[in-house]
Amino acid sequence: MPDRENLMDKIVALCKRRGFIFPSSEIYGGIGGFWDYGPLGVELKRNVREAWWQDMVLRHDDTTPPPGMPSPYAMVGIETSIIMHPQVWKASGHYDLFHDMLVDCRHCKARFRADQLATSQCPEKPSKRPGEHTTCDLTPPREFNLMFKTYVGALVDPESEAYLRPETAQGMFVNFRNVLATARVKLPFGIAQIGKSFRNEITPRYFTYRSREFEQMEIEFFCRPEESRLWYEYWRDRRLRWYVSLGLGSDRVRLREHSPEELSHYSCGTADIEYAFPFLPPGEFGELEGIAHRGDFDLRSHMEGKLVRRDGELVVETGPNGKPTHPGSGKDLSYFDEETGERLIPHVIEPSAGVDRSVLAFLCEAYDEDAIPDEKGVPQPRVVLRLHPRLAPVKAAVLPLIRKEGMPEIALELYRELKKTWNVDYDDKGSIGRRYRRQDECGTPYCFTVDGQTLADGTVTVRDRDTTHQERIKLSEVAGWLGEKLGGG
RNA sequence: GCGGGUAUAGCUCAGUGGUAGAGCCCUGGCCUUCCAAGCCAGAGGCGCGGGUUCGAUUCCCGCUACCCGCUCCA
């Protein structure tokens with residue numbers, strides 16, 4: 001394994017060199033917190049997305065209970081708009097949460113919420129409030145908004161203000177009734193969505209880990225309250241297994257249950273799936289996905305209005321006039337159980353994953369340096385991306401050993417056959433060893449080499465990325481062999 | 001948002017007040033029968049803006065991006 005010290009730099013350099021990830025708008029100097037995916041990166045990211053969509057949605061069997069669970073469940077997909085009605089974010093609590101008036105102290109560098117100055121302490125003199133100590137040098141209250149603001153319609157007017165969504169989840173909640181009415185689903189069921197979200201992070205950092213524009217893969221899973229704990233544990237464990245199944249080493253990925261103090265005000269259970277990213281100090285982990293038990297918080301918010309916890313109960317937040325500060329839709333988002341005749345507000349389990357963070361974790365996990373002997377037996381260094389074949393941007397390369405004796409023609413014919421099904425490369429530039437290394441660096445799991453023996457007996461060499469071992473298979477059986485290795489992914 | 005550091009070719013680095021070079025990589029050709037070979041040819045660069053100067057990649061200022069530490073956020 002390469003030493004941890006420069007590992008992240010090497011991964012960033014590889015991403016740039018081979019066209020996985022570039023800084024956005026780079027020719028203009030870049031723009032912080034935004035990233036572009038290059039020709040290989042876009043395939044890797046698509047593969048992550050598609051693995052999730054296939055495993056969570058398309059291949060889900062909604063007639064069979066998962067092992068150990070009381071019932072089967074349905075899962076449907078959805079794609080909702082990035083800009084939603086502004087009231088969505090007010091009722092959900094995001095507007096208040098992401099929107100603060102803050103005061104900075106120029107002297108001690110501390111930052112305070114303007115509405116909490118009276119109850120805050122000066123860090124240098126805790127007996128005093130900010131501004132009361134002699135060295136305090138406070139700025140006026142300044143607006144901080146973590147949500148990107150825009151205007152709907154050409155007229156720039158406060159009435160037309162809207163926000164780019166800071167999460168995809170609200171799209172599922174506001175479509176709860178539409179899905180119930182059209183998809184013929186019964187509890188328990190899930191709604192899945194993949195899409196872009198936007199947060200105006202104060203400090204974008206760690207390559208693509210904390211970006212201002214990012215992509216999420218989220219499920220809102222609706223179930224009966226009394227079964228919610230069970231489903232929470234189901235999703236928590238299942239989602240962890242998903243990362244492991246795609247190659248994240250179990251020693252660098254972990255599940256961490258939040259402590260009670262750490263839980264959001266609406267949550268009665270949350271776990272993070274975390275990865276030991278190389279840019280973090282040894283022993284520290286960064287969040288890949290959060291699995292939250294959200295109770296009935298979201299559906300109730302969109303019925304009644306913004307909720308706050310008071311004396312342990314979720315109640316609608318009211319202003320001085322006694323009316324809700326941020327009213328909900330007033331629509332009935334309850335569920336009627338035909339069998340029991342009972343009407344209830346389902347509880348929600350929310351596995352919320354970051355696509356870009358997953359891509360980054362898979363890249364970090366896959367990056368490796370080893371040494372393989374050259375023709376003289378001297379070990380030569382090699383950079384190899386040990387990506388899971390389902391995630392590999394290029395599934396195989398077809399290579400003529402030399403550019404004559406009809407080898408290119410045979411190789412091109414094979415390339416064209418495989419290209420009908422998979423993303424494969426054809427390469428006849430440079431020595432065979434160099435071409436293998438090029439494929440290693442972008443994570444291509446297999447190379448098929450047309451050589452002298454192909455002309456004689458119709459077999460080709462298959463070279464394995466991870467072991468560099470070679471075997472021979474029949475030219476006519478390459479497509480079948482590759483299909484088997486890729487497992488239909 | 002604060003403090004510190006960095007910015008020359010795709011990468012790693014030289015270098016200069018008179019517009020820059022190496023190695024690797026890349027492209028074309030020759031040669032090559034299995035792990036970054038060789039030969040020939042070629043492409044490609046001083047982050048952005050302003051100032052000083054006859055002339056700035058070099059000196060000064062500002063900006064931007066990235067890295068580290070705080071802060072913030074989850």
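Order of the sequence lines sets the chain letters (A, B, ...), proteins ahead of strands, with each chain counted from 1. Any value given below was found using the heavy atoms of this structure, including those in side chains, with hydrogens, waters and symmetry copies removed.
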When you measure from the side chain of Y367(A) to the backbone of V383(A), do you find a donor-acceptor pair of N or O atoms at a distance under 3.5 Å? no
Tell whether R463(A) reaches the base of rC34(B) with its side chain through a donor-acceptor pair below 3.5 angstrom. no
Look at the side chain of Q380(A) and the base of rC35(B), then say whether one donor and one acceptor between them are separated by less than 3.5 Å. no
Closer than 4.0 Å, any side-chain N/O of [X] to the OP1 or OP2 of [N]?
X       : N       : result
R437(A) : rC25(B) : no
R199(A) : rC73(B) : no
R438(A) : rC26(B) : yes
K429(A) : rG28(B) : yes
R18(A)  : rC25(B) : no
S431(A) : rA37(B) : yes

Apply the test salt bridge (charged side-chain N to carboxylate O under 4.0 Å, His left out) to residues R357(A) and E289(A): give CA-CA distance (whole Å), side-chain angles for both, the deciding distance (0.1 Å), then the verdict. CA-CA 9 Å; R357(A) 288 181 176 188; E289(A) 169 162 351; over 6 Å; no
Of the candidate nucleotides [options], which contains the atom at the shortest distance from the side chain of [X]?
X       : options                   : answer
D272(A) : rC34(B), rU33(B), rA74(B) : rA74(B)
Y206(A) : rC68(B), rA74(B), rC31(B) : rC68(B)
E441(A) : rA36(B), rG69(B), rC35(B) : rA36(B)
R205(A) : rG69(B), rU33(B), rA37(B) : rG69(B)
M407(A) : rC31(B), rU33(B), rC34(B) : rU33(B)
H258(A) : rA74(B), rG29(B), rC26(B) : rA74(B)

Whole angstrom value for the distance that separates [atom2] of [N] from [atom1] of [X]:
X       : N       : atom1 : atom2 : value
I291(A) : rA74(B) : CD1   : P     : 18 Å
R472(A) : rC34(B) : CZ    : C1'   : 10 Å
I410(A) : rU33(B) : CD1   : C1'   : 14 Å
Q470(A) : rC34(B) : CD    : P     : 10 Å
M8(A)   : rC67(B) : CE    : P     : 9 Å
E26(A)  : rG47(B) : CD    : P     : 13 Å
R382(A) : rC24(B) : CZ    : C1'   : 19 Å

Please measure how far the [atom1] atom in [N] lies from the corresponding atom in [M], and state the result in whole Å.
N       : M       : atom1 : answer
rC60(B) : rG18(B) : P     : 16 Å
rC31(B) : rA22(B) : P     : 28 Å
rG62(B) : rC25(B) : P     : 42 Å
rU57(B) : rU16(B) : P     : 16 Å
rG42(B) : rC54(B) : P     : 39 Å
rU71(B) : rG1(B)  : C1'   : 7 Å
rA43(B) : rU27(B) : C1'   : 7 Å

Scan [X] against the nucleic acid and name what it touches under 4.0 Å (heavy atoms): base, sugar-phosphate only, or nothing.
X       : answer
R435(A) : nothing
P373(A) : sugar-phosphate
G38(A)  : nothing
F22(A)  : nothing
G452(A) : base
Q453(A) : nothing

Is it true that K45(A) and D356(A) make a salt bridge, defined as a side-chain N closer than 4.0 Å to a carboxylate O? yes
Does the pair R236(A)/E257(A) count as a salt bridge with the N-to-O cut at 4.0 Å? yes
Return the orientation label for the Y206(A) and F279(A) ring planes: parallel under 30°, perpendicular over 60°, tilted otherwise. parallel
How are the rings of W231(A) and F221(A) set relative to one another: parallel (under 30°), tilted (30 to 60°) or perpendicular (over 60°)? tilted
By nearest-nucleotide position on RNA chain B, the 5'-leaning member of T468(A) and G32(A) is T468(A)
When you look at NZ of K474(A), are more than 12 heavy atoms from neighbouring residues, nucleotides or ligands closer to it than 6.0 Å? no
